[in-house]
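Note that these values count all heavy atoms, side chains included, but never hydrogens, waters or copies made by symmetry. Sequence lines set the chain letters: A, B, ... in the order given, protein chains first and strands last, and positions in each chain run from 1.
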There are 2 protein chains.
Amino acid sequence: MNEHSFIFVPEMRTRDENKEAAIREKAMEMIVAEGFDGLSMQKLAKAANVSPATIYIYYKNREDLLTQLFNHVQQTFYDVALAGFNPDLSFEEGLWIQWKNRLKFILKYPVHFQFYEQFRNSPCINHTDVQLSAFKQSMKLFAINAMKKEELKKMDPEIFWSIAYGTFYSMVKFHLQEITVMGNNFKLTEVKMKSAFEMVIKALKP
Amino acid sequence: MNEHSFIFVPEMRTRDENKEAAIREKAMEMIVAEGFDGLSMQKLAKAANVSPATIYIYYKNREDLLTQLFNHVQQTFYDVALAGFNPDLSFEEGLWIQWKNRLKFILKYPVHFQFYEQFRNSPCINHTDVQLSAFKQSMKLFAINAMKKEELKKMDPEIFWSIAYGTFYSMVKFHLQEITVMGNNFKLTEVKMKSAFEMVIKALKP
DNA sequence: AATATAAATGAATGTTCATTCACTTACAAA
DNA sequence: TTTGTAAGTGAATGAACATTCATTTATATT
């Protein structure tokens with residue numbers, strides 16, 4: 001390396017991206033299967049075919065691992081949920097896109113979603129900065145726009161959120177419980193979703 | 001004791017009910033504050049002012065402790081939720097009683113409720129027999145009756161449950177998050193509940 | 001081919017864990 | 001007051017835990 005160069009170009013071994021992904025995926029699988037207390041660094045290392053010390057190259061410690069997992073899942077979720085969406089869409093079209101996008105995410109990454117839900121329902125969430133992201137601002141703006149256009153009844157934001165999405169997530173959890181705990185006789189088809197959606201719209205219209 | 005008596009009447013020291021309650025309450029507090037991995041038997045013993053060995057008089061082991069806690073909370077919840085309710089009530093009155101009863105339970109026992117939710121969102125739930133209790137049968141019958149009387153639109157049970165209660169629990173969780181994480185600017189008044197309730201009824205009527 | 005760098009490691013460390021056990025204490029009945 | 005019983009205990013045990021560290025390994029540049 002030229003000793004006069006301004007840009008520092010290290011000569012080094014490169015990180016194995018597969019290792020990082022393996023650690024991440026195995027960690028979430030273990031947590032979903034056995035809970036937070038079922039995740040130990042040594043068991044995780046073994047499951048990911050990695051030395052315990054390797055985990056500490058990627059993550060400062062156990063807590064950092066958990067919060068980074070959470071942020072990673074959240075980012076993926078945001079990306080999927082925003083596809084084809086913008087806050088100026090008509091209320092009915094926009095909300096339906098949200099339902100479809102969110103369902104797509106959950107069915108594509110069921111383990112990620114279950115980890116996310118477990119995390120959100122645990123005290124871990126208090127160690128994470130709840131920031132007003134671009135995603136949340138977009139969701140908020142969408143509701144405000146819809147109320148201005150009188151496509152959506154005026155109401156407190158919590159009430160809007162609870163009817164519009166509380167219903168959705170309740171159905172999704174029904175579905176995930178069925179497929180993990182008993183013989184799945186509750187299929188979450190788009191038809192079934194649409195039927196619930198129509199009723200939600202009825203509640204929310206002015 | 002008469003050596004010929006048929007009934008066995010032991011001469012013994014009696015259990016201290018306070019100890020059992022202390023263990024139960026402290027355990028839930030610790031879990032809600034620090035998660036399942038924050039609950040250790042030795043820390044719990046110290047918090048409940050009891051020897052670690054004492055816990056094992058009341059509970060077979062750690063897992064048994066958790067499931068017994070869950071069942072205890074669930075029983076309390078069932079009792080509160082069924083007060084003044086029966087499945088033959090008119091749909092609107094019956095559902096509103098459910099909302100009020102459930103809210104009463106949550107506001108009276110917020111720690112119990114948060115423990116319950118954390119448990120339900122964790123893999124622990126898979127080690128518990130999900131049985132069709134009298135409570136669940138009562139809830140089911142109520143919905144069936146309401147559909148027969150045409151006070152409630154005919155729909156899949158999951159959809160009914162998700163609209164009728166998913167909305168409710170979503171609002172409640174909003175409330176609990178606000179009071180624990182930031183300055184509470186979302187007051188969960190009965191007025192606010194009633195306003196959401198009216199909208200839910202609009203969605204559910206035939 | 002040589003080199004410098006960070007990736008990756010396995011073994012080791014000290015701590016905390018769930019659980020047990022030999023023992024003491026309190027009490028209801030006799 | 002005595003006594004049998006279960007309640008209740010503190011200290012001990014071995015396993016599992018998170019984390020660290022002295023090395024080794026792979027690789028991008030020279």
* For Q131(B), does its backbone N or O pair with a side-chain atom of D129(B) as donor and acceptor, under 3.5 Å? -> no

Between [atom2] on [N] and [atom1] on [X], what's the gap in Å once rounded to a whole number?
X: E17(B); N: dC27(C); atom1: CD; atom2: C1'; value: 15 Å
X: R15(A); N: dT25(D); atom1: CZ; atom2: C1'; value: 16 Å
X: D37(A); N: dT16(C); atom1: CG; atom2: P; value: 18 Å
X: I57(A); N: dA8(C); atom1: CD1; atom2: C1'; value: 5 Å
X: R62(B); N: dT16(C); atom1: CZ; atom2: P; value: 17 Å
X: E34(B); N: dT16(C); atom1: CD; atom2: P; value: 14 Å
X: E20(B); N: dG8(D); atom1: CD; atom2: C1'; value: 14 Å
X: L44(B); N: dC17(C); atom1: CG; atom2: P; value: 11 Å

Name the closest nucleotide to the [X] side chain, picking from [options].
X: M41(A); options: dT9(D), dT9(C), dT19(D); value: dT19(D)
X: A53(B); options: dT19(C), dC21(C), dG8(D); value: dC21(C)
X: Q42(B); options: dA7(C), dA12(D), dG10(C); value: dA12(D)

With a 4.0 Å cut-off on heavy atoms, is [X] in touch with a base, just the backbone sugar-phosphate, or nothing at all?
X: L39(B); value: sugar-phosphate
X: S40(A); value: sugar-phosphate
X: K43(B); value: sugar-phosphate
X: Y58(A); value: sugar-phosphate

Would you indicate, yes or no, if [N] has its OP1 or OP2 atom less than 4.0 angstrom from a side-chain nitrogen or oxygen of [X]?
X: S51(B); N: dG8(D); answer: no
X: R13(A); N: dT25(D); answer: no
X: Y56(B); N: dG8(D); answer: no
X: T14(A); N: dT27(D); answer: no

* Residue pair Y169(A) / R102(A), side-chain donor-acceptor N/O under 3.5 Å -> yes

* To do: Verify whether one side chain among Q74(A) and Y116(A) offers a donor that lies under 3.5 Å from an acceptor in the other.
  => yes

* Working for ring pair (Phe, Tyr, Trp, His ring centres under 6.0 Å), residues F119(A) and F70(A) -> CA-CA 7 Å; F119(A) 194 94; F70(A) 179 75; 4.4 Å; yes

* More than 12 non-hydrogen atoms from neighbouring residues, nucleotides or ligands closer than 6.0 Å to NZ on K104(B), yes or no? -> no

* Find which nucleotide of DNA chain D each of N61(A) and P52(B) is nearest to by heavy atoms, and output the residue with the more 5' nucleotide. => P52(B)

